[in-house]
Chemist: 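Could you have a look at this structure, given as structure tokens, before my questions?
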Amino acid sequence: MNTPFKAFIVNKENDQFTSGLQTLALSDLPQGEVLIKVHYSSVNYKDGLASIPHGQIVRTYPHVPGIDASGLVEESSDDRFKKGDRVIVTSYGFGVSHFGGFSEYARVPAKWVVHCPDSLTLREAMAYGTAGFTAALSVLKLQHQGITPESGDIVVTGASGGVGSVAVAMLAKQGYNVFASTGKSQEHDYLKQLGAVEVLSREELSPPQFTPLGKGRFIGAIDPVGGNTLAYLLSVMKYGGTVACTGLTAGSHLNTTVYPFILRGVSLIGVDSVECPMSIREPLWQRMASDMKPDNLEGFIGEEITLEDLPAVFTRILNGETKGRVVVKVSD
Ligand SMILES: NC(=O)c1ccc[n+]([C@@H]2O[C@H](COP(=O)([O-])OP(=O)(O)OC[C@H]3O[C@@H](n4cnc5c(N)ncnc54)[C@H](OP(=O)(O)O)[C@@H]3O)[C@@H](O)[C@H]2O)c1
């Protein structure tokens with residue numbers, strides 16, 4: 001079988017950057033034990049970076065971006081997977097150092113593949129995607145710190161984005177009192193529908209000046225924003241609070257002091273979805289399909305697009321203008 005198929009390719013030759021749909025053959029795909037017919041993918045911030053010349057995500061060209069995919073196994077030389085299995089691929093080198101999900105077919109190492117839980121459709125799996133998995137991992141990290149719904153208020157920043165919106169809904173579903181911070185005044189109702197008890201403006205959590213220790217407000221925080229917002233959050237955590245740091249949409253620099261750590265016992269915890277081991281990943285996907293699953297997972301899908309629509313969405317995700325998750329319908 002060597003059917004031609006469609007894929008979105010980025011390329012850089014002699015400093016000339018190009019991107020767009022091309023036709024590939026299965027023999028163009030990288031090595032791996034599992035060949036997948038991709039049904040859905042999704043657009044993450046990292047995919048936006050992979051689509052621009054200096055995004056510092058892609059190392060070798062030509063490349064197929066797309067860090068998420070769900071679909072059906074077409075062929076497998078690994079016993080754990082057989083033709084027709086419903087599977088999810090996210091993380092590791094997928095869409096970064098290895099051809100990714102913006103392609104009708106993907107071939108990957110079996111050790112990257114997760115069986116899609118029965119109670120999750122392939123579309124719902126991509127309503128989650130890497131962003132949803134990262135949100136779930138962040139919630140898990142707060143819970144490992146002993147933070148329960150009774151412990152106090154939790155805040156989620158970048159709340160209208162992929163990681164943020166799923167985190168708000170997952171925390172609310174589990175009974176936490178969630179404050180959501182957003183830069184989009186038009187999304188306050190949406191965030192309340194997801195379960196936020198209160199919506200805060202982006203500015204309120206990123207003041208230009210603040211003292212090293214302000215009044216303690218939150219016992220937990222999930223922060224995909226970073227930069228000055230993360231520095232401020234640390235200063236307003238309650239005694240024993242935990243901030244789960246997941247991203248850098250507002251910047252990678254962190255200008256803080258030691259006071260929250262040494263005077264309030266605050267913990268700053270890193271969240272990495274990419275190298276998260278399978279021993280955590282697989283059981284977490286099962287929880288994402290059961291007790292952690294928000295009532296209306298489809299409600300996260302801000303828009304569903306096709307491979308042809310990708311360039312316009314890349315621009316908007318890099319400008320922080322998308323809402324919730326963008327699902328890509330790759331093939332039937
Ligand atoms: N650690 C990991 O494993 C991991 C996994 C996935 C993603 N990430 C990182 O997490 C971050 C968010 O990813 P995502 O997929 O949720 O992206 P996203 O859908 O684009 O959402 C990011 C949100 O951040 C807010 N934002 C954008 N620009 C901002 C700015 N200049 N200042 C403050 N807030 C800003 C916006 O929300 P509001 O308008 O609501 O404020 C935006 O919707 C990215 O940095 C991504 O690389 C990390």
Side-chain angles (χ1 to χ4, degrees), residues 41-52 55-57 65-68 90-92 94-96 126-141 155-170 178-192 194 196 199-208 222-233 243-254 268-277 280-281 284 300-303 313-327:
S41 181
S42 81
V43 187
N44 293 268
Y45 190 78
K46 210 169 181 178
D47 300 315
L49 292 175
S51 76
I52 55 175
Q56 295 189 317
I57 295 292
I67 62 170
D68 292 336
T90 66
S91 305
Y92 308 110
F94 195 56
V96 177
M126 289 297 101
Y128 275 138
T130 290
F133 181 79
T134 305
L137 196 55
S138 308
V139 173
L140 194 70
K141 295 242 175 185
V155 65
V156 176
T157 63
S160 76
V163 176
S165 57
V166 181
V168 168
M170 272 184 175
V178 193
F179 286 64
S181 156
T182 182
K184 302 187 187 86
S185 53
Q186 72 278 16
E187 301 304 348
H188 287 207
D189 287 346
Y190 167 68
L191 292 168
K192 288 202 167 143
L194 293 182
V199 181
L200 308 173
S201 74
R202 189 185 286 177
E203 291 73 29
E204 186 177 340
L205 292 192
S206 185
I222 294 180
D223 179 41
V225 164
N228 194 49
T229 303
L230 176 54
Y232 178 72
L233 281 178
V243 181
C245 163
T246 82
L248 45 74
T249 49
S252 57
H253 289 281
L254 178 59
L268 175 58
I269 296 214
V271 178
D272 169 53
S273 62
V274 177
E275 296 298 331
C276 172
I280 295 174
R281 187 179 297 276
L284 190 53
F300 290 110
I301 302 177
E303 51 195 304
V313 174
F314 291 146
T315 309
R316 286 196 284 120
I317 201 158
L318 289 174
N319 290 334
E321 290 165 6
T322 54
K323 169 176 147 185
R325 302 274 300 130
V326 180
V327 164

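Only this structure's heavy atoms are used, side chains among them; waters, hydrogens and symmetry mates stay out. One-based numbering, in listed order, for ligands and for the atoms of each.
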Chemist: May I ask you to decide if Thr157's main-chain N or O and Arg202's side chain share a donor-acceptor pair within less than 3.5 Å?
Modeler: no

Chemist: Would you find a donor on one side and an acceptor on the other, under 3.5 Å apart, between the side chain of Thr90 and the backbone of Asp68?
Modeler: no

Chemist: Has Gln56 got more than 12 heavy atoms of other residues, nucleotides or ligands less than 6.0 Å from its CD?
Modeler: no

Chemist: Does the side chain of Thr322 reach to within under 4.5 Å of the side chain of Val43, using non-hydrogen atoms?
Modeler: no

Chemist: For the residue pair Val96 and Lys46, what are the closest heavy atoms and their distance?
Modeler: CG2-CE, 4.1 Å

Chemist: Just by distance, do the side chain of Lys141 and the backbone of Ile222 share a donor-acceptor pair under 3.5 Å?
Modeler: no

Chemist: Students should find this: residues with any non-hydrogen atom under 4.0 Å from ligand 1. What is the answer?
Modeler: Tyr45, Thr130, Thr134, Gly158, Ala159, Ser160, Gly161, Gly162, Val163, Thr182, Gly183, Lys184, Arg202, Pro224, Val225, Thr246, Gly247, Leu248, Thr249, Ala250, Val271, Asp272, Ser273, Ile317

